[in-house]
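Indexing begins at 1, ligand by ligand and atom by atom, following the structure's order. In this chain, numbering begins with 1 at the start of the sequence shown.
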Amino acid sequence: MKMKALLILFTLGLFSGSCAVKKDNKRTGLRTPRPAVRTAPNANYRPPAPRPAPAAAPQGGTGSLPYNFNPAVGTTHSSGRADQPYIALTFDDGPHPKNTPRLLDMLRQRNIKATFYVIGKNVKAYPALTRRIVAEGHELGNHTWTHGKLSAMGNDQLYRELEQTRQVIISSAGVQPRTMRPPYGALLQNQRQWIMQKFGYPTILWAVDPLDWQRPGPAVVTQRILSATKPGAIVLAHDLHAQTIDAMPATLDGLLGKGLKFVTVSQLLAQKGKQ
Ligand code: NI
């Protein structure tokens, strides 16, 4: 018992010793003095008011579908399965420095994923925007370098159009395009098969065409898409045109209101492969 008491006393002595050192330091002014002036708290700060959320697709729902489609399902596609509520929105001829960012904001607010058939020349001009498309979960498709009429081209020229675009997409966004869409839908059957062999790209056409490039006004674009879009549809639109983007809030909300779910073209084809 005596030994224990001694130990306790000894330990206490050690602690008081260390306290003494601190006091010494304080006395000698080695501690950092408190700043004389303190910043007054900002009493005027208010957190930003939450904005009302638009109708949105369910989180993680449509994005979790597989990306690997079965090439055995065929070379040309204008739709997916009609017995499922999935559709693929596609936007062609971008990226466009003003319209594409506006569209991306609208899609992000609603958790909608789409597919962008980009022109190689535009990707080269706007690599950061191309990266943003991919970073926000959308898919890139190959829409050639010059947007020429492929059906009038020989194989060498056709190869350059697709390969240059493939390369600039990889160098800008770090992803491989998995499908292609011919400008004007103009591609011969033997060219489609040749492209499938050389690049592994199925040729993607569309089931719904609102003719938005004729600029009929946003309300008409919305009405045409809403009335024609059924389960499995691949919808064609152009993020090149401001009117098309103006039509999108009502179009997207209308499609969501119909209970349709949004996937990328590759995801739509993956479902088709399971049929
Ligand atoms: Ni086009």
Asker: With carbon and hydrogen excluded and only N/O/S kept, which atom of H147 is nearest the Ni ion (ligand 1)?
Answerer: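 So the atom name we want here is NE2.
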Asker: Among T90, L104, V134, find the one that has a side-chain contact (heavy atoms from CB on, under 4.5 Å) with F116.
Answerer: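 Passing option: L104.
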Asker: Would you check if the side chain of H238 reaches a backbone N or O of H241 as a donor-acceptor pair within less than 3.5 Å?
Answerer: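 Not a single qualifying donor-acceptor pair exists.
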Asker: Run through D92, N142, T179 and flag the one making a side chain to side chain donor-acceptor pair (under 3.5 Å) with Y117.
Answerer: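 Of all the options given, the one that passes is T179.
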Asker: Could you check which N/O/S atom of D93 is closest to the Ni ion (ligand 1)?
Answerer: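 Atom name of the closest N, O or S in D93: OD1.
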Asker: For A247, does its backbone N or O pair with a side-chain atom of T222 as donor and acceptor, under 3.5 Å?
Answerer: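 Present.
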Asker: Output yes if H143 passes the N/O/S-under-2.8 Å test against the Ni ion (ligand 1); output no otherwise.
Answerer: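 Yes, since at least one N, O or S atom of H143 sits under 2.8 Å from the Ni ion (ligand 1).
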